[in-house]
There are 2 protein chains.
Amino acid sequence: MAAAAVGTAEDRTISRKIGQPPTRTKCPAPFLLKTYELLEFVEEEEENYSGKNKVISWNEEGTGFVVWSPAEFSELMLPKYFKHNNFSSFIRQLNTYGFKKVASKRWEFSHEKFKRGSKHLLGKITRKKSDSSAFPAYLKPSDHIMAAKEENNITLQLLMEENQNLRKERLELQMQIAHFKTLETKLMDCLSQYVGNQHNKVRRLF
Amino acid sequence: MAAAAVGTAEDRTISRKIGQPPTRTKCPAPFLLKTYELLEFVEEEEENYSGKNKVISWNEEGTGFVVWSPAEFSELMLPKYFKHNNFSSFIRQLNTYGFKKVASKRWEFSHEKFKRGSKHLLGKITRKKSDSSAFPAYLKPSDHIMAAKEENNITLQLLMEENQNLRKERLELQMQIAHFKTLETKLMDCLSQYVGNQHNKVRRLF
DNA sequence: GGGAATATTCCC
DNA sequence: GGGAATATTCCC
């Protein structure tokens, strides 16, 4: 039974690594590698059995691929590479990795970085977010949590601004006071010359 | 190939519903149902082949089950019910649903609501949270986001306090200044009486 | 097409 | 044991 599927599944342990920088070329997702190798396989095989109808193949330009017979593909090929034989699950994965259906009358799919002869580009293909790796729906950006956070941040910023202004004002007021104190002393001294030579005597007048 | 596994997989479509109230008895998770039915199956079979070594069975009291031979169980039984033949994946699921290993020397597991003859309780067994249905790890309560929020709140509170103090200080300083202004006027007036009757003449001295 | 639940794998 | 990534299923 599942010998083939399990075999390919275990290939994942060979080199798949998590948490590598997304900028560097990394080990492609198992799904992408298997799909690519599946296409490589049928391409090689095609030379030997050129008489048969194709089930799946690269398109003419190698910019995408066509599933010529979804029924045969699902029943015969999918289980050799994946743990199921459902065409819809295969499509779901294609969508997850950003493939586009590029023809209305046949099952042709393409992805900018999924081309014949460019296996090295597979590592650059990423899952679309929000699969469950991203935020749950009720915590997505522009939701109310985000709004609350933003509001918090705005409050914080306003407070810090006002705070800074208040400190500045305080300094100015303290300088004014220092000036008044000096002035007071001078006035007192001056006045004491008239009233009599005692500073304290003058002070008592006010 | 995967005929058996796929067959059981498709049973899920029969009646499994999502989003039902968790309080009412609902359709059990596929994993639980399959594991239970697997045990039912070996129990029936046991009557016919009582001579063979058991691979898996309910324990004596029917409060749990024992995998007597993990190797045979994984290789022969798992693929008939699941899309894999890995004992560790089976264990992972048991843990997900809250089963406990209840013996140190053999693979015996139990769960309060997983008992022989009580198939109706399966619907009450739920996945442990945080599988992806709950918050992602970095958004869980008591995690650093929570800490950050808390820190944010503390910062906010401190800022508001400081703000209030600064306003109070400002008021006091303004009152001091008002006092000095009054004082200055009085001193000027007084002094001008001595220097001559012109306030402005006195001011020019300072 | 894609959101979300469950399953399987991988890793600590 | 369990967190987290990927895979498969189910549903809108």
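Note on naming: letters A, B, ... go to the chains in the order of the sequence lines (proteins, then strands), and numbering restarts at 1 for each one. Note that the structure is predicted; figures quoted are calculated from it, not measured. Quick note: numbers below take in every heavy atom, side chains included, and nothing from hydrogens, waters or symmetry partners.
D:dA7 atom P lies 17 Å from atom CZ of A:F87, rounded to whole Å. Atom NZ in A:K128 sits roughly 8 Å away from atom P in C:dG3 (whole-Å rounding). At whole-Å resolution of the value, CD1 in B:I91 and C1' in C:dT9 are 15 Å apart. When rounded to the nearest whole Å, the span between CZ of B:F31 and C1' of D:dT8 equals 16 Å. Whole-Å rounding puts the B:F82 CZ to C:dT6 P distance at 15 Å. With rounding to whole Å, B:H84 atom NE2 is found 16 Å from C:dT6 atom P. Rounded to whole angstrom, the span from the NZ atom of A:K34 across to the C1' atom of C:dT9 amounts to 10 Å. Rounded to whole angstrom, the span from the CG atom of B:L32 across to the C1' atom of C:dA5 amounts to 14 Å.
Residue A:N86 has no polar side-chain atom (N or O) positioned under 4.0 Å from OP1 or OP2 of D:dT8. Side-chain nitrogen and oxygen atoms of B:Y97 include at least one within less than 4.0 Å of the OP1 or OP2 phosphate oxygen of C:dA7.
The two residues A:I56 and A:V42 make their nearest non-hydrogen contact at O-CG2, 3.5 Å.
Residues satisfying the salt bridge (Lys or Arg N to Asp or Glu O under 4.0 Å) criterion with A:E75, sequence neighbours excluded, are absent altogether.
Distances were taken from every side-chain heavy atom of B:N95 (C-beta onward) to each of C:dT9, D:dG2, D:dT8; the shortest belongs to D:dG2. Taking the side chain of A:K83 as heavy atoms from C-beta on, and the options C:dG1, C:dT9, D:dG2, the nearest nucleotide is C:dT9. When each of C:dT6, D:dT6, C:dG1 is scored by its nearest atom to the side-chain atoms of B:R127, the top-ranked nucleotide is C:dT6.
No donor-acceptor contact under 3.5 Å links the side chain of B:R92 to the base of D:dG1.
The aromatic rings of A:Y97 and A:F31 lie parallel to each other, with less than 30° between the two planes, well short of the 60° mark. Under the 30°/60° scheme for interplanar angles, the aromatic rings of B:Y36 and B:F114 are found to stand perpendicular.
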